[in-house]
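Following: one structure in structure tokens, then a few remarks.
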2 protein chains.
Amino acid sequence: MRLRHIEVFHSVYTTGSITGAAKLLFVSQPSVSKVLAHAEMQLGFQLFHRNKGQLIPTPEADMLFTEVDKTYRQLRSIRKMSENIKRNDFGQINLAFTPALGFDVVPKALAKFRQEHPNIRFDLETTHNDQALQALTEHRCDLALLYSSPPMPGVTKIECGEGEIVILYPKAQFPDEPKVLSPEQLGKTELIGIWDSGPLGELAYDRLTNDGVQVESNLQVTSYYVAARMVAQGLGCCTIDKFTALGNLSDKVGIASFAPPLTFKINGLYLDNRPLSKVSEAFLKYLKTEISQ
Amino acid sequence: MRLRHIEVFHSVYTTGSITGAAKLLFVSQPSVSKVLAHAEMQLGFQLFHRNKGQLIPTPEADMLFTEVDKTYRQLRSIRKMSENIKRNDFGQINLAFTPALGFDVVPKALAKFRQEHPNIRFDLETTHNDQALQALTEHRCDLALLYSSPPMPGVTKIECGEGEIVILYPKAQFPDEPKVLSPEQLGKTELIGIWDSGPLGELAYDRLTNDGVQVESNLQVTSYYVAARMVAQGLGCCTIDKFTALGNLSDKVGIASFAPPLTFKINGLYLDNRPLSKVSEAFLKYLKTEISQ
DNA sequence: CAATCCCATAACCCTGGTTTATGGGCCAAG
DNA sequence: CTTGGCCCATAAACCAGGGTTATGGGATTG
């Protein structure tokens with residue numbers, strides 16, 4: 001019994017006539033007639049008794065119809081689902097990201113994405129670099145967004161844009177609110193240390209030591225945003241990613257770049273054997289534009 | 001998404017390879033390859049990522065598969081069901097019959113039928129001629145078996161064989177156990193009256209009056225089998241259908257035919273707009289052979 | 001009796017799925 | 001490094017299922 005047989009049988013059974021079924025299916029009457037005959041031939045028993053031009057379903061047809069009707073609904077739900085998938089109007093995105101992106105980047109990207117694709121489910125989770133691989137392999141997320149992640153085996157890494165490491169300082173310390181701070185200026189300030197907190201810490205540490213700045217500090221922090229709040233309290237300066245800086249701004253702090261600017265890559269990670277879904281890719285576009293501004 | 005697409009997708013997803021799916025479906029490998037490609041083209045998104053010769057299902061495929069799998073099961077259950085219907089190994093027979101057939105004919109026919117078609121469900125009900133039409137129209141039964149039923153509007157009548165009206169007599173009354181009784185002999189006995197009990201009563205009544213036999217009796221019965229038991233108690237003779245007679249035999253009674261034999265038709269009735277199912281027809285064959293002996 | 005409706009058949013056509021044949025990438029073993 | 005095996009994709013030819021129009025016959029209705 002082919003799909004066409006099922007469709008035709010269903011239509012004939014519901015409309016009660018071949019002509020009606022033909023109209024319903026937008027095909028010619030002889031076509032329905034022939035397909036139905038073929039179905040009966042292949043099934044080996046009559047589905048309808050032809051009596052004076054009208055069709056009477058046989059008891060066999062009654063029995064089959066209950067089954068066929070179920071399948072028919074299923075088929076339509078498949079088609080609807082595939083339509084939704086095609087329009088990215090169905091599915092789920094399980095996202096893990098470094099906390100810094102949670103202040104503005106992800107929320108803003110998600111808000112814009114939602115306007116176009118309101119039916120996508122999201123599952124969000126913040127994660128640090130060292131936990132990301134675990135989250136991926138345990139299928140807690142399909143996609144992890146990290147700052148300058150090292151390559152991992154079995155994981156595909158794509159670029160989602162660039163971030164910048166900036167210096168957050170209390171305005172009290174630099175009343176003229178400079179946009180750039182030189183190594184000399186930095187050397188005079190108290191620095192809040194975040195050197196142990198992942199690749200970004202190392203990056204900043206290397207740069208500072210290369211520039212001859214003393215990086216010893218008696219205030220160590222492992223969360224960027226905590227460091228930012230420390231700066232707001234006037235406890236010192238801090239090298240920090242710009243997203244966290246912008247997301248924890250206050251009127252007491254200023255932002256300055258390194259000279260030349262110190263940038264890093266933002267990466268998306270997913271397992272090799274679990275390729276990104278189309279909706280995830282669509283979402284990534286929103287994320288990239290959000291990052292780039 | 002065509003049925004073939006679903007089949008191919010299901011096979012590829014479950015086997016994990018195109019070659020494997022081809023073997024499962026008993027077709028060539030390029031065929032599967034092409035159909036799958038066509039399905040993806042028509043769906044508008046990839047179902048599998050081709051990576052170094054191996055296929056990795058996309059998340060979209062995962063989502064679709066849950067739906068497709070349901071449908072696939074349904075399809076197989078349709079095919080199985082249609083197979084069973086074709087072999088008369090599935091279905092239900094709702095049968096109503098005149099009580100006389102319930103002693104031996106129907107039970108024996110049913111027993112033999114069961115050996116060949118063990119999975120058919122039966123719903124049995126005894127009915128008198130005047131209630132049969134109601135049972136049919138109320139769909140309490142698909143087929144009614146009656147003695148010499150008159151034609152009814154909207155009901156198809158078929159012949160299932162012949163029955164005979166015989167005379168049941170106490171052996172005490174005819175010790176030589178005759179196989180035939182003449183009108184004169186009958187005239188001398190006391191007759192138990194069943195004349196009001198449907199067409200058979202009339203048939204016997206007409207025959208007896210034509211033969212000049214007095215049919216007045218002071219013992220009236222409306223159920224044939226009750227009359228038979230009366231005869232066994234030596235209360236008189238009785239004209240009765242042979243099936244009831246044989247089904248209620250005892251060593252105290254004998255059976256004699258009219259001369260010439262008085263026969264009637266046994267009919268099967270069903271509604272015009274509810275044609276008999278194939279299993280019912282198959283069962284009818286068993287019934288006919290059971291009646292004919 | 002004509003008009004209409006419904007179904008079946010006939011003759012033809014076209015697309016989709018099948019086949020065989022072939023070639024390219026990857027891997028493992030010699 | 002080469003060779004053979006496995007897997008997938010492509011190409012070209014073929015076949016059939018399902019589509020079409022045209023037509024005819026049985027039933028019902030005005």
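Here is how names work: the chains are called A, B, and so on, in the same order as the sequence lines, proteins then strands, and each is numbered from 1. Atom set for the values below is all heavy atoms of this structure, side chains included, hydrogens, waters and symmetry mates excluded. What you see is a predicted model, and the numbers here were worked out from it, not measured in a lab.
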Discussion item. Could you check whether A:Q92 and A:N94, counting side-chain N and O atoms only, form a donor-acceptor pair closer than 3.5 Å?
Written reply: yes
Worksheet item: To the nearest angstrom, how far is B:L36 atom CG from C:dT18 atom C1'?
Response: 16 Å
Practice prompt. Give a yes/no answer on whether the side chain of B:S33 brings an N or O atom under 4.0 Å of OP1 or OP2 in D:dC8.
Written response: no
Fill in: Integer-rounded Å distance: D:dC8 P and B:L47 CG
15 Å
Discussion item. Suppose the criterion is ring-ring contact (aromatic ring centres under 6.0 Å, His included): which pairs have a residue in residues 56-85 of chain A, not counting sequence neighbours?
Written reply: A:H10-A:F65, A:H10-A:Y72, A:Y13-A:F65
Discussion item. Show every salt bridge (Lys or Arg N to Asp or Glu O under 4.0 Å) that has at least one partner inside residues 66-81 of chain A, sequence neighbours left out.
Written reply: A:E7-A:R79, A:E67-A:K70, A:D69-A:R73
Discussion item. How many whole angstroms separate atom CD of B:E40 from atom P of C:dG17?
Written reply: 14 Å
Item to complete: Any salt bridge (Lys or Arg N to Asp or Glu O under 4.0 Å) involving residues 125-143 of chain B? Give me the pairs, sequence neighbours left out, ordered by first then second residue.
Response: B:E125-B:R140, B:E138-B:R140, B:D142-B:R274
Fill in: Within residues 10-25 of chain A, residues whose heavy atoms come under 4.0 Å of DNA chain D
none
Worksheet entry | Protein-nucleotide distance (A:H49, atom NE2; C:dA8, atom P), rounded to Å | 13 Å
Side-chain donor-acceptor pairs under 3.5 Å in residues 148-159 of chain A, sequence neighbours left out?
from   : atom 1 : to     : atom 2 : distance (Å)
A:T156 : OG1    : A:D272 : OD1    : 2.5
A:K157 : NZ     : A:S149 : O      : 2.9

Discussion item. Treating A:K265 as the side-chain partner and A:Y147 as the backbone partner, does any N or O pair qualify as donor plus acceptor under 3.5 Å?
Written reply: no
Practice prompt. Going 5' to 3' through nucleotides 16-30 of chain D, assign each nucleotide B (protein heavy atom under 4.0 Å from a base atom), S (under 4.0 Å only from sugar-phosphate atoms) or - (no protein heavy atom that close).
Written response: --BBBBB-----S--
Discussion item. What is the separation between atom CD on B:E7 and atom C1' on C:dG16, rounded to the nearest whole Å?
Written reply: 15 Å
Worksheet item: How about A:R114 and A:F122: do any of their side-chain heavy atoms sit closer than 4.5 Å?
Response: yes
Practice prompt. Decide yes or no for B:I93 and B:R121: does some side-chain heavy atom of the first lie under 4.5 Å from some side-chain heavy atom of the second?
Written response: no
